[in-house]
Amino acid sequence: MTKAFFDHISTTPLDPRVFEAMRPYFFDRYGNPSSHIHDQGQAAVRAVDQARAEVAALIGAKAGEIVFTSGATESNNLAVLGAAEGAGAGKRRVVVSDVEHFSVMNALIPLRNAGYEVTVLPVDRNGVVDPDAVRKALRADTALLSVMHANSEIGTIEPVGQIGQIAKEAGVTFHVDATASAGHIPVDVREIPADLVTLSAHNFYGPKGAGALYLREGTKVAPRTFGGFQEMGYRAGTENVPAVVGMGAAAILAGREMGAWAEHLSRLGKTLWDGLAAIPMLHYTGHPSERLPGHVSFWVEHVEGESLLLFLNMKGVMAASGSACSSNLRGHDEEDLVASPVLRAIGVPSDICTGSITFSLGKGNTADEVRLALDALPGIVDRLRAMSPTYLDYQKRQVKGG
Amino acid sequence: MTKAFFDHISTTPLDPRVFEAMRPYFFDRYGNPSSHIHDQGQAAVRAVDQARAEVAALIGAKAGEIVFTSGATESNNLAVLGAAEGAGAGKRRVVVSDVEHFSVMNALIPLRNAGYEVTVLPVDRNGVVDPDAVRKALRADTALLSVMHANSEIGTIEPVGQIGQIAKEAGVTFHVDATASAGHIPVDVREIPADLVTLSAHNFYGPKGAGALYLREGTKVAPRTFGGFQEMGYRAGTENVPAVVGMGAAAILAGREMGAWAEHLSRLGKTLWDGLAAIPMLHYTGHPSERLPGHVSFWVEHVEGESLLLFLNMKGVMAASGSACSSNLRGHDEEDLVASPVLRAIGVPSDICTGSITFSLGKGNTADEVRLALDALPGIVDRLRAMSPTYLDYQKRQVKGG
Amino acid sequence: MAAGPYSEKVMDHFMNPRNVGEIESADGVGEVGNPACGDMMRLYLKIDEGMVVDAKFRTFGCGAAIASSSMLTEMIKGKTVDEARAITNQHVADALDGLPAVKIHCSVMAEQAVKSALDDYAKKHAG
Amino acid sequence: MAAGPYSEKVMDHFMNPRNVGEIESADGVGEVGNPACGDMMRLYLKIDEGMVVDAKFRTFGCGAAIASSSMLTEMIKGKTVDEARAITNQHVADALDGLPAVKIHCSVMAEQAVKSALDDYAKKHAG
Ligand SMILES: Cc1ncc(COP(=O)(O)O)c(C=O)c1O
Ligand SMILES: Cc1ncc(COP(=O)(O)O)c(C=O)c1O
């Protein structure tokens, strides 16, 4: 059976070229950078330094501004909690958008417990944060503003350049979660006046286990991991050398090829988007144009999201419901039972919205795969609607009305 | 040139069998376990679940008691800070041994800042914690006791079974940092009454980027990473699936083969230990018998450690000075300039102790490699002493005295 | 072929649900859940001489909700009203070879649906 | 072949240090550092008509300490006393193609050693 993976927003397959760059660090060069006294350690030091420069280059930063972490969640936690602590006494407010990922949102829990005031910025129905609302929310005692670059669930790209300018003028530290965007669309800290930027390797054809936090020179961030003196003191623990090397290699590839990838993805994405129009009562989510290439998201009236995804999977089509993390079946009940917080934020009525569907295409996807999805979808929607009591009621209302 | 790596305590080469277990998770099975709605995600879920059971089996635990982390530092931080927070109000004391790793010791900084009282247990000249001192130190308001299983710098194995019994009777949560021991000597939570145990894959021929924290059922630990609901809520963030799979594979191998490894290492270690006796004014450190197999540590009067290690490296012999993390050249000055805290703890006089040397052998080392080290050392020691003003003074004193 | 987070039994009942539909002039109809919460189940019963002679459902919801509904209809057909009322969510979950912890509420919904439908039947036939 | 954390120049002076030894009846001897801190440097100068005509050292310490000592002796030989006194740690570090940040103190020790030895010379020849 043909299998089509359309869940690249949750993770991407490793580019074989990235794997080749990593391979020696599993075998011949296995040293620990802290053991730099000998050749093995030195090889590791050089590898990590080189990767740091490569990741920095992807976003127009200096090598010394990149701190490697274990992934986006750790980077987001370090950015939010570290910057709040680093801001010092008197700065006890944090401002975030309403569509941030859980690794930003849930990092606010300990801050709230510690007495911080949290302001959540609303978004419009396309999921866009209003720069004017940002301007009004920032105050002298604001320790941090956090707005993501692109939303994984609905694909919307936020105006972080403009928002960053406002933060800069207000003298507020600005964090951008670029997990979903970096490596796919340009993220350049010379153009986006962000002080902190989260990057994740496994989201752009690099390995799991490596993330980074860009810290603009002079930004104050308190560390959250305590131990040896790795990563300039911002992050203790033996570096995951192969993964870090892989992140560097993936950054080089992305920097070089993202334009071509985006073109391919946009073309396939348009085919998918256009094809979906044939399904009645399907509603696209996110901004129609300011969105990640190859990202198509929607919800379907009278169709519950999980059921749709299970049937799709049976047809070999792998898509997801919003953020991977919000759909953790093995997690706490509540997260599962409520509608996606992002859909709530963009004002989708919860009594008819019953699941957000996200198709996130990758550079390896083909037109045939998109065709597979488009062929499968109408039948599945019909089948689920035929089973649905709400659709039955809807039809009866139509008949009466008509 | 023959190269001999004797720094396995800092990190180990990946076992090729572990790599083969990991490989599919870089390519065919690249899913994110949180995207368990589709086949790719499910494959990842199954892989992580299986690895959890494999790691649990290595230490006689249940699968549900294993939380995967990015490494030992994160595990130690989670154990110390999470257990202190989890212990609840009224429990504001933490007891640790004087020879804990930085990732335990430095985790005490935020606790001290938060008003916790820290008691540091002394060790004897072999580096052994006295169980009676533990008994005296534990009180009703003690949130946590942390004693490592084996010391990476001097190789000493602590009586954690006995100490754990005392902690259990006192009702105090007991954390054991088994980073240096797990996979090398038996670590069984049915015999060691520990509530929390830190494990690190790259220390037993597994990959960097995967660690684990054993949490005995019922142990209260507050999470330190906020985001999605991974790892039963103890650790947010997309799992590093290939590394976790590798940790499982390494655990299986270690469980099966550690006896044979230890025999080989003990034999080689004895050759090294015996051969070193030819060097005058060389002092072994750590316990003479209760020590990690293949771990040989010492210091040499009138010889500075780094110089010795640099010359050794030039001869193809890679050894280390104590803990990799304490020798971070790129770290803050102080850490570099003071004698090793562990040597201080075992009472080595700092005016004649000038560097701790650790040879940590691995399963791949050969007798020829040990011979290489033994052939190289005397000449290096002589050469450095010939340059040393303190040795000159010593010789003059000897002449006068004689 | 068990795919997804569910047992093969769940997947079978999800992919090939038994007794989907409506019963015209049913003797009892139960409805539980709410689409805003992600699940809604409507159960139709035909009851004859104290026996559930037919059961049909329409469900809006996740895989577990649909499978629970399907399994429930299979379990109650041919049972007496009292036997049907005695069915618990655990029976449904067990019959499906278990449900993931976070999906237990779907089996609870099935239990509530049959009770609700039987209450409706009792009310209608109270006179 | 630069191995370890140091430049090739440092490694060269570490592996093949110049001017190791003592000068019997030196005109100035300087000693700085302390083995308890990890480094100790002893510098011997032979001075003739205000010129450093010979310099030797014995150093206990890390690679950077030994290399700094070696480089220092090379730099001061043939210099006037005033020129030698003007040498800073930066000169030594630069001559070694740089030192890691945490090893800068080794070059500082070299600067202090030459000042200390020249002070000793000045004291001895004060009369
Ligand atoms: C926007 C965004 N930020 C952060 C994360 C967290 O990434 P990870 O789970 O790899 O730590 C995700 C994951 O889906 C994400 O979509
Ligand atoms: C005993 C012990 N615990 C913890 C650690 C920290 O390990 P990592 O740097 O892999 O996080 C080390 C590292 O040397 C160690 O020796």
Side-chain angles (χ1 to χ4, degrees), chain A residues 3 5 7 10-14 19 26-27 30-32 34-41 70-74 76-77 101-103 106-107 109-110 202 207-209 225-230 233 236-243 306 309-310 313 318 320-321 324-325 327-329 331-332 335, chain B residues 3 5 7 10-14 19 26-27 30-32 34-40 70-74 76-77 101-103 106-107 109-110 202 207-209 224-230 233 236-243 306 309-310 313 318 320-321 324-325 327-329 331-332 335:
Chain A
K3 297 257 184 191
F5 185 77
D7 188 16
S10 77
T11 195
T12 53
L14 196 64
F19 181 74
F26 288 117
F27 290 112
Y30 52 81
N32 181 331
S34 291
S35 270
H36 45 69
I37 198 80
H38 54 58
D39 289 359
Q40 273 292 354
S70 68
T73 295
E74 188 185 333
N76 279 347
N77 278 214
H101 185 259
F102 287 112
S103 49
N106 288 348
I109 300 173
H202 78 89
K208 294 179 181 66
T225 339
F226 306 96
F229 193 86
Q230 288 94 351
T238 295
E239 298 86 342
N240 186 347
V241 180
E306 186 198 288
L309 294 170
L310 282 172
N313 185 52
M318 295 175 257
S321 62
C325 305
S327 62
N328 199 325
L329 247 195
H332 19 206
E335 257 184 30
Chain B
K3 296 257 185 192
F5 185 76
D7 189 15
S10 78
T11 195
T12 54
L14 196 64
F19 181 73
F26 288 118
F27 290 111
Y30 53 80
N32 181 331
S34 291
S35 271
H36 45 69
I37 199 80
H38 53 59
D39 290 359
Q40 273 292 353
S70 67
T73 294
E74 189 185 333
N76 278 347
N77 278 213
H101 185 258
F102 288 113
S103 49
N106 288 347
I109 300 173
H202 78 87
K208 294 179 182 65
R224 288 186 37 74
T225 339
F226 307 95
F229 193 86
Q230 288 94 350
T238 295
E239 297 86 343
N240 186 347
V241 181
E306 186 198 288
L309 293 169
L310 283 173
N313 183 53
M318 295 177 257
S321 63
C325 305
S327 62
N328 200 324
L329 246 195
H332 18 206
E335 259 185 26

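Convention: sequence-line order gives letters A, B, ...; per-chain numbering from 1. Side chains included, hydrogens not; waters and symmetry mates left out as well; all remaining heavy atoms used.
- Applying the side chain to side chain donor-acceptor pair (under 3.5 Å) test to B:Asn240 and every residue at least two apart in sequence or in another chain returns nothing.
- Of the two parts of A:Ala243, neither the backbone nor the side chain holds a non-hydrogen atom closer than 4.5 Å to a non-hydrogen atom of chain B.
- In terms of the side chain to side chain donor-acceptor pair (under 3.5 Å) criterion, B:Thr12 has no residue partners (sequence neighbours excluded).
- Interface remark: of the candidates B:Phe226, B:Phe26, B:Phe19, B:Phe226 forms the most heavy-atom pairs closer than 4.5 Å to chain A.
- Each of B:Ala72, B:Pro242, B:Gly31 has some count of heavy-atom pairs under 4.5 Å with chain A, and the biggest count is that of B:Gly31.
- Side-chain contact between A:Leu309 and A:Asn313: absent, with no pair of heavy atoms (C-beta onward) separated by less than 4.5 Å.
- Each of A:Ser103, A:Pro207, A:Gly41 has some count of heavy-atom pairs under 4.5 Å with chain B, and the biggest count is that of A:Ser103.
- A donor-acceptor pair under 3.5 Å is absent between the side-chain atoms of A:Asn106 and the main chain of B:Gly228, judged by distance alone.
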